[in-house]
Amino acid sequence: MGGSSKALRVLFAYPDGIDAHDLSEDRRALPEVAGKNSAKNIFLSAVIFYQNLLRLPAKDAIVVQTSCHDRAKRAAAQSLFGCTRRRGARKKERKLFMSEIKVVPYIPDEDYDNPAMVVDFYEFTMANCLFLNGFKDTTLVFDMFFRKNPDNQGYSISAGQRKLTRFLLNYHFNEQDVHWLRTKGMSEEFCEYLRTYRWKGDMYALPEGTVCYPHVQMVRIECDLVGAILIETYLLQTMNFHSLIATKATRITGLNTHTPRSVMEFGTRRAQGESAGNDGAYAAVLGGCIGTANCLAEMKYGSEVKAVGTVAHSFIEFFPTEFDAFKAFADTYPDSVSLLLDTYNIMESGLPNLIKLDDYLIEKYPNDPNRRVKSARIDSGDLARGSKRLRKALDAAGKPYIKLVASNGLDERKIANMELYEHAHFDSYGVGENLITSASDPVFGGVYKLVAVKLPDGTYQPKMKCSDSASKAIIPGKKMPWRLYDENGQAQCDLIAMDGEVIEAGKPVKMVNLDPDAIERTITITPTKVKQLLVPHILNGELAIELPGIAEKKAYIAKQLTEETWETELRIEMPHKHYVNMTPAVAECRAKMYSELHGGKV
């Protein structure tokens, strides 16, 4: 067993409570303590598990469950764990107690899944500490926002609200979670509290699909400290990823340049895991995609996230000839014939066999024009040049109805270049890894910051994280963002106000530019229309909104980009920076707190 000394926390779980003891034991004495009947010896069993299975570090814990009510027996048994020699406990007392207890170690379970445990460990350590110090009923206010648009573009799309809402409504911890938290040193009081905990806070958020900008809150959480702190990781993971993919999709589908394209999301196999494939397909459809290759995504979200696809190169390689493969597929699916042309040679093999197959379908189904080749895809070579050659050849053969599809490492820039500079003739595109991973900028940098604490009198005390970089100094206080529109219905700016401040259309609004480099820091405008941006999704733990469907959110995104957003913000190269301003009350609070907490101006 070796002679090194280790420390281990032992938790005795009785019917009426928990006792905790730190164990320090010279393991050379273990065989003596164990005796012959090691199956009943909690001490040896615990250390064997500790040493050989989990290799727990010092101060980790095991749990001992017992039905023993006799306090004398408890004291005698616990004395075993406070000494290093056999004479520290009498054999009779040890035997009396050991026959009634068992070790219940935490056993890892790869199939276990509770989203509430998607938590960075420091969130548990903070929550446990604050809980033990009597702050469990204190209400905190957190803002989730981001500091820059992906790819330094002029806008982002806020997405993930539906999934986050469902998560909070079903928020709970299981026995397995509580058991594991005990082994990680969380207090018994805290663990017992989590056993029956339900999320009873407020969630205000931008409606899913809202065009959004840096520093403007996407989500505002107001909840007791446990519910506010422990949801940080899941909230950020959900909002960041959905927003990243939805934003990328609007650019690939051409919504930002008002040149909409038919794009299918093909990236599941290159996504960072199953959940990214499913969530990414959903977000891509919100951003304008017409379908996905992912079958599970349609099963989860319905036919609006339609699973599409035809054949791979392997299917064609399997048959003796390319035409045999084409014919087998067409005979099986005569109403949806879409073929892949580049298995061997696009122009010398794929194209002639495509024309031959369509002629075969015309002969077989002369009175059914729907049973024709619908489309053909190319996945390699010079795509733009290939599309022009194929279009010309198919038109010459009297087959203008056969549409052309492109795939192979595409993104918004490659597609735009093919269309603008090479006049490619594709009817749709399949986009994979560059969409599902947002490869050009794969991180949406949303953050989750404490901005206020609710005091017993019902008022809110602003809180601020300062920084030596003034641009990273957050905006403190419980706030509400507004969007101000001009007479053309386009968004002039976003205005961050204190919660309770009222902004009215048709009246002058004085504001302070958030950008410290702005020539005019203080300006006044008179908006034609105003809109309060954050909408209650959950109030006191109850659903407070009818969550819209995918088609409605998809149309909402398209309408904003088409009618409400300045075109200068939508361009790919050097987009205009959307104005984000603060009311004088917000600016004054921020400047005062920065000066007091850090020193200097912000």
Side-chain angles (χ1 to χ4, degrees), residues 9 11 13 18 20 49-50 53-57 59-63 65 104-132 135-136 140 142 144 160-201 203 205 219 221 223-242 271-280 282 296 300 444 446-450 537-538 541:
R9 169 160 287 193
L11 303 177
I18 295 287
F49 184 84
Y50 155 64
L53 296 183
L54 290 184
R55 302 191 181 280
L56 299 171
K59 292 296 182 185
D60 274 0
I62 61 168
V63 179
Q65 289 187 339
V104 187
Y106 179 78
I107 306 295
D109 181 359
E110 291 185 56
D111 296 321
Y112 183 65
D113 183 25
N114 179 8
M117 291 299 290
V118 179
V119 178
D120 286 326
F121 188 64
Y122 79 158
E123 293 159 29
F124 276 122
T125 62
M126 290 188 295
N128 181 57
C129 178
L130 292 169
F131 178 93
L132 292 176
F135 297 112
K136 76 176 179 68
L140 308 181
F142 278 81
M144 184 263 167
Q161 287 87 336
R162 180 182 180 86
K163 186 173 182 179
L164 178 61
T165 300
R166 288 164 54 86
F167 164 74
L168 294 176
L169 292 173
N170 191 43
Y171 191 80
H172 68 282
F173 294 95
N174 299 321
E175 287 297 323
Q176 196 164 343
D177 308 324
V178 173
H179 184 182
W180 181 82
L181 286 168
R182 285 195 180 110
T183 72
K184 298 296 289 184
M186 298 299 107
S187 68
E188 182 57 28
E189 299 94 324
F190 182 60
C191 290
E192 285 300 309
Y193 179 73
L194 293 182
R195 188 191 301 277
T196 58
Y197 184 83
R198 294 296 182 270
W199 205 84
K200 296 298 182 182
M203 169 191 162
V219 181
I221 294 293
C223 190
D224 62 85
L225 72 86
V226 170
I229 291 173
L230 295 185
I231 66 170
E232 176 181 359
T233 300
Y234 188 94
L235 182 151
L236 288 175
Q237 180 188 78
T238 300
M239 296 300 298
N240 282 337
F241 183 71
H242 283 75
Q272 278 94 348
E274 177 187 328
S275 62
N278 296 327
D279 291 342
Y282 167 86
L296 183 57
K300 288 170 69 72
F444 194 94
V447 295
Y448 184 74
K449 300 297 182 183
L450 176 68
H537 284 57
I538 298 176

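Note that this is a predicted model, so its numbers are computed, not measured.
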*Asks:* In this structure, are over 12 heavy atoms from other groups packed under 6.0 Å from Gln176 atom CD?
*Replies:* yes
*Asks:* For a quick test of reading the model, state the closest non-hydrogen atom pair linking Asn128 to Ser187 and the distance between them.
*Replies:*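 Looking at all heavy atoms of both residues, the closest pair is OD1-OG, 2.8 Å.
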*Asks:* For the residue pair Tyr171 and Ile231, what are the closest heavy atoms and their distance?
*Replies:*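 Smallest interatomic distance, heavy atoms only, reads CE1-CG2, 3.8 Å.
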*Asks:* Under the 6.0 Å and 45° cation-pi test, does Lys300 pair with Tyr282?
*Replies:* no
*Asks:* Between Glu274 and Leu296, is any pair of side-chain heavy atoms under 4.5 Å apart?
*Replies:* yes
*Asks:* Kindly give the heavy-atom pair with the smallest separation between Ala205 and Gln161, and that separation in Å.
*Replies:*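 Looking at all heavy atoms of both residues, the shortest contact is CB-CG, 4.0 Å.
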*Asks:* For the residue pair Phe121 and Trp180, does the interplanar ring angle fall in the parallel (under 30°), tilted (30 to 60°) or perpendicular (over 60°) class?
*Replies:*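 Answer is perpendicular, since the angle exceeds 60°.
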*Asks:* State whether the side chain of Asn114 and the backbone N or O of His172 hold a donor-acceptor pair below 3.5 Å, judged by distance alone.
*Replies:*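 Yes; judged by distance alone, with no hydrogens or angles, the pair exists.
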*Asks:* Check whether His242 reaches the backbone of Thr238 with its side chain - one donor and one acceptor, N or O, closer than 3.5 Å.
*Replies:* yes
*Asks:* Please give me the minimum heavy-atom distance between Ala127 and Phe190, naming the atom from each residue.
*Replies:* CB-CZ, 3.8 Å
*Asks:* Can a salt bridge be assigned to the pair Arg182 and Glu192 using a cut-off of 4.0 Å between side-chain N and carboxylate O?
*Replies:* yes
*Asks:* Any side-chain donor-acceptor pair under 3.5 Å between Tyr112 and Asp177?
*Replies:*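 Per modelled atom types, Tyr112 and Asp177 side chains form a pair under 3.5 Å.
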*Asks:* Using 0.5 Å steps for rounding, measure from the CZ atom of Arg166 to the CD1 atom of Ile538.
*Replies:* 11.5 Å
*Asks:* For Lys184 and Phe124, run side chain to side chain contact (heavy atoms under 4.5 Å, CB included): C-alpha distance rounded to whole Å, both residues' side-chain angles, the deciding distance at 0.1 Å, then the answer.
*Replies:* CA-CA 10 Å; Lys184 298 296 289 184; Phe124 276 122; over 6 Å; no
*Asks:* Between atom CZ of Phe167 and atom CE of Met203, what is the distance when rounded to the nearest 0.5 Å?
*Replies:*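 That separation rounds to 11.0 Å.
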*Asks:* OH of Tyr234 to CG of Leu168: how many Å apart, nearest 0.5 Å?
*Replies:*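 Going from the OH atom of Tyr234 to the CG atom of Leu168 covers 8.5 Å.
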*Asks:* Starting at CG of Asp120, measure out to CG of Leu230 and round the result to the nearest 0.5 Å.
*Replies:* 11.0 Å
*Asks:* Can you find a heavy atom in the side chain of Leu132 that is under 4.5 Å from one in the side chain of Glu189?
*Replies:*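 Counting from C-beta outward, Leu132 and Glu189 do come under 4.5 Å.
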*Asks:* Between Asn240 and Leu236, is there a donor-acceptor pair closer than 3.5 Å when you use the side chain of the first and the backbone of the second?
*Replies:*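 Present.
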*Asks:* Is the shortest heavy-atom distance from the side chain of Met186 to the side chain of Phe131 under 4.5 Å?
*Replies:* no
*Asks:* To the nearest 0.5 Å, what is the distance between CG on Leu164 and CG on Leu235?
*Replies:*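 Spacing of CG (Leu164) from CG (Leu235) equals 4.5 Å.
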*Asks:* For Met239 and Gly160, which heavy atoms make the closest approach, and how far apart are they?
*Replies:*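 Of all heavy-atom pairs spanning Met239 and Gly160, the closest is SD-C, 3.6 Å.
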*Asks:* Supply the atom-to-atom distance Tyr197 OH to Asp224 CG, rounded to the nearest 0.5 angstrom.
*Replies:*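 Reported value, rounded in 0.5 Å steps: 3.0 Å.
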